[in-house]
Amino acid sequence: MIRLVADAMTRKVVYLPEDTPLDEAAQVMRDQGIGDVVVTQGPTMAGIVTDRDIVVRAIAEKLDPAVVTLGAIATRELLMVEQSATVEEAVQAMRERGVRRLLVCDADRQLVGILSLSDVALLPTSSAAA
């Protein structure tokens, strides 16, 4: 059974400015039930920060989350996959790039969601037809 990224992705995308302190971003993630935010610089996407990034790049380094901003720890390389791609293609791209999330765009390159490995893991398994 071929599954498309559009069927597995999370459609909720939260954008926060790069000058947002990490503690505020973490509260937004908690309140929204998400594990990542897209970081903006004015009207432009400038990066992505995950809950894991906050822990590994800031807390573990003893940086003050009330002072350090998203822009300071954001991953600037934004990797995208089209929503029409197969989940298998997206997982292969994640493996090749060593990432756990991909931004998902439509045919016009507009952001429409985020695909994470946990989204893939939660896909129902197909049962064999008898």
Side-chain angles (χ1 to χ4, degrees):
M1 177 167 133
I2 296 175
R3 292 182 252 193
L4 300 180
V5 169
D7 300 326
M9 70 184 192
T10 299
R11 294 187 183 277
K12 181 186 285 188
V13 179
V14 174
Y15 299 87
L16 290 175
E18 65 181 350
D19 61 354
T20 303
L22 298 182
D23 60 349
E24 287 181 29
Q27 291 167 6
V28 168
M29 288 182 199
R30 177 200 61 207
D31 295 346
Q32 297 289 320
I34 57 175
D36 49 62
V37 294
V38 174
V39 180
T40 60
Q41 184 176 45
T44 306
M45 287 190 304
I48 187 168
V49 170
T50 67
D51 47 6
R52 185 175 188 280
D53 293 334
I54 292 173
V55 171
V56 172
R57 295 180 185 168
I59 305 303
E61 298 295 328
K62 299 188 181 348
L63 301 178
D64 185 350
V67 175
V68 177
T69 64
L70 289 173
I73 69 162
T75 298
R76 300 293 177 163
E77 184 179 14
L78 296 173
L79 303 174
M80 297 184 96
V81 62
E82 278 199 34
Q83 64 183 347
S84 60
T86 67
V87 169
E88 290 74 21
E89 291 169 331
V91 169
Q92 183 61 35
M94 288 180 189
R95 279 191 191 114
E96 289 171 1
R97 300 306 283 261
V99 297
R100 294 178 170 93
R101 287 177 173 82
L102 293 174
L103 298 177
V104 181
C105 65
D106 62 16
D108 296 325
R109 305 284 295 164
Q110 297 299 310
L111 187 63
V112 294
I114 298 177
L115 180 71
S116 70
L117 283 179
S118 53
D119 293 329
V120 173
L122 293 174
L123 283 172
T125 57
S126 59
S127 57

Check: More than 12 non-hydrogen atoms from neighbouring residues, nucleotides or ligands closer than 6.0 Å to CD1 on I2, yes or no?
Finding: no
Check: Above 12 or not: heavy atoms from other molecules or residues under 6.0 Å from CZ of R76?
Finding: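 Correct, the count exceeds 12.
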Between the main-chain N or O of [Y] and the side-chain N or O of [X], is there a donor-acceptor pair closer than 3.5 Å?
X   : Y   : answer
D31 : V28 : no
T40 : P43 : no
E89 : T86 : yes
K12 : G33 : no

Notebook entry, point to check: Rounded to the nearest 0.5 Å, what separation is found between the CZ atom of R100 and the CD1 atom of I114?
Noted result: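 Rounded to the nearest 0.5 Å, the CZ-CD1 separation comes to 15.5 Å.
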Just wondering, do [Y] and [X] contact through their side chains at under 4.5 Å, heavy atoms?
X    : Y    : result
L22  : L70  : yes
Q110 : C105 : no
Q83  : R11  : yes
M9   : L102 : no
T50  : R101 : yes

Next item on the list: Determine the minimum heavy-atom distance between G47 and A74, stating which atoms define it.
Entry: CA-CB, 4.4 Å
Notebook entry, point to check: How close do V13 and V112 get, heavy atom to heavy atom, and via which atoms?
Noted result: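 Closest heavy-atom pair between V13 and V112: CG2-C, 4.4 Å.
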Next item on the list: Run through V38, D36, I54 and flag the one making a side chain to side chain contact (heavy atoms under 4.5 Å, CB included) with V49.
Entry: I54
Notebook entry, point to check: In a check of side chain to side chain contact (heavy atoms under 4.5 Å, CB included) between V67 and each of T69, D64, L63, which one passes?
Noted result: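 Only match with V67 under side chain to side chain contact (heavy atoms under 4.5 Å, CB included): D64.
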Notebook entry, point to check: Are a donor atom and an acceptor atom from the side chains of Q92 and E96 found within less than 3.5 Å of each other?
Noted result: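 Per modelled atom types, Q92 and E96 side chains form a pair under 3.5 Å.
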Check: Without hydrogens or angle criteria, can the side chains of R57 and T75 be said to hold a donor-acceptor pair below 3.5 Å?
Finding: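 There is such a pair between these side chains.
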